[in-house]
Structures are given as structure tokens and as C-alpha cells.
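Some notes on the structure that comes next.
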Amino acid sequence: QVHLVESGGGLVQPGGSLRLSCAASGRTGSTLSMGWFRQAPGKEREFVSAISWNGANTFYADFVQGRSTISRDNVDNLVSLQIHSLKAEDTAVYYCVIASPSGPALTSSNVASLALYEYWGQGTQVTVSS
């Protein structure tokens with residue numbers, strides 16, 4: 001069983017930065033891709049960012065490209081997402097995910113598909129407001 005716990009959410013002013021972290025426990029397998037999705041009120045869950053098991057490949061949604069960085073620590077089973085220049089539209093619940101062990105490797109074509117991710121955290125609220 002895999003357990004994901006996100007942290008780092010909260011209230012941030014527009015233009016500010018935050019760092020989300022996710023600790024994975026259980027039979028995580030450091031050879032699996034990890035990432036982040038988010039869901040704003042009244043909207044569908046959407047892909048934010050992902051990182052391959054060895055950190056060699058990273059993926060970002062257009063709306064965070066250039067102002068965010070995803071990283072991972074396979075020793076401590078952590079994945080982090082730093083976002084700068086936060087906007088009100090970044091307000092959402094952010095979810096940590098781990099890709100399915102039986103799924104295909106992440107590519108730019110499939111990385112945004114929710115179906116590729118088997119394990120989900122409970123989410124952490126990020127609110128961007130003055």
C-alpha cells in the first residue's frame with residue numbers, strides 16, 4: 001500500500017512563491033514517476049507537473065511553465081514543487097500523484113492523463129489572495 005502526504009499549502013499573496021512537498025511511504029518504488037495535479041472549485045482536475053523516476057525528465061503544464069520547478073529525492077521518497085509568481089488562478093487543491101507501475105513511461109503526449117496515475121494524496125489547499 002502506498003500513502004502520500006502533501007504539505008506546504010496555505011495562503012499566499014499574488015506574486016509570491018510557495019513550495020509544495022509530498023512524502024511517500026509504503027511500497028512506493030523509487031522507480032515510478034511522480035507529479036502534481038490540481039483542482040480549482042467548479043473545475044476539473046488538471047495536470048500541473050511531473051518528473052520521471054530518475055529526475056531526468058520533467059514536464060510542466062503551460063500555465064506553470066517557466067515559473068515552477070519540480071524535483072525529487074528518491075532516498076527520502078519526496079517530491080517537491082516550487083511555484084513562483086503566483087496568481088489568483090493558481091488557487092486550487094494540489095494533489096501529489098505516483099504513476100501506475102504497469103503504465104507506460106510518461107511522455108509529453110500522455111503526461112496529463114489522470115488514468116496514468118494510480119496513487120493520489122489527499123491534497124493540500126493553496127489560496128492566492130491579497
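Around atom CD of Q39, more than 12 heavy atoms belonging to other residues, nucleotides or ligands sit under 6.0 Å away.
Under a hydrophobic clustering in which Ile, Leu, Val, Met, Phe, Trp and Tyr are joined whenever their side-chain heavy atoms come within less than 4.5 Å, directly or via other members, M34 and L106 fall into different clusters. The hydrophobic cluster containing I70 also contains V48, counting ILVMFWY residues as joined when their side-chain heavy atoms lie under 4.5 angstrom apart, directly or transitively. If you chain together hydrophobic residues whose side chains sit under 4.5 Å apart, W120 and I51 never meet in one group. The same ILVMFWY cluster, assembled from side-chain heavy atoms under 4.5 Å apart, contains both V12 and L81. In the hydrophobic cluster analysis, where Ile, Leu, Val, Met, Phe, Trp and Tyr join through side-chain heavy atoms closer than 4.5 angstrom, V126 is grouped together with I83.
Taking CZ of R72 as the start and OG of S21 as the end, the distance is 13.5 Å to the nearest 0.5 Å. Note that the CD atom of E118 and the OG atom of S102 stand 6.0 Å from one another [nearest 0.5 Å]. For the atom pair SG (C22) and OH (Y119), the distance works out to 13.5 Å, reported to the nearest 0.5 Å.
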Please table the atom pairs, donor to acceptor, closer than 3.5 Å between any side-chain atom in residues 85-93 and protein atoms at least two apart or in another chain.
unit_1 : atom_1 : unit_2 : atom_2 : d
D90    : OD1    : R38    : NH1    : 2.9
D90    : OD1    : R67    : NH2    : 2.9
D90    : OD2    : R67    : NH1    : 2.9
D90    : OD2    : R67    : NH2    : 3.2
D90    : OD2    : K87    : N      : 2.8
T91    : OG1    : A88    : O      : 2.9
T91    : OG1    : V128   : N      : 2.9

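The backbone N or O of A105 sits less than 3.5 Å from a side-chain atom of N110, completing a donor-acceptor pair. When atom types are taken as modelled, the side chain of N74 and the backbone of W53 share a donor-acceptor pair closer than 3.5 angstrom. Between the side chain of E6 and the backbone N or O of G123 there is at least one donor-acceptor pair closer than 3.5 Å.
Side-chain atoms of T69 and Y60, non-hydrogen and from C-beta on, do get closer than 4.5 Å to each other. For the pair P104/L116, a side-chain contact is recorded, criterion being any heavy-atom separation below 4.5 Å from C-beta on. Taking 4.5 Å as the limit, every side-chain heavy atom of S25 sits out of range of all side-chain heavy atoms of N77. Counting only heavy atoms from C-beta outward, the side chains of C96 and V79 approach each other to under 4.5 Å.
For the residue pair T127 / S129, no side-chain donor-acceptor distance below 3.5 Å is found, with atom types taken as modelled.
Across L32 and A99, no two heavy atoms sit closer than the pair CD1-O, 3.7 Å. A pairwise comparison of heavy atoms in V64 and S68 identifies O-OG, 3.0 Å as the closest pair. The heavy-atom pair separating L4 from A24 by the smallest distance is CD2-CB, 3.5 Å.
Note on residues 77-117: pairs passing ring pair (Phe, Tyr, Trp, His ring centres under 6.0 Å), not counting sequence neighbours, are F37-Y117.
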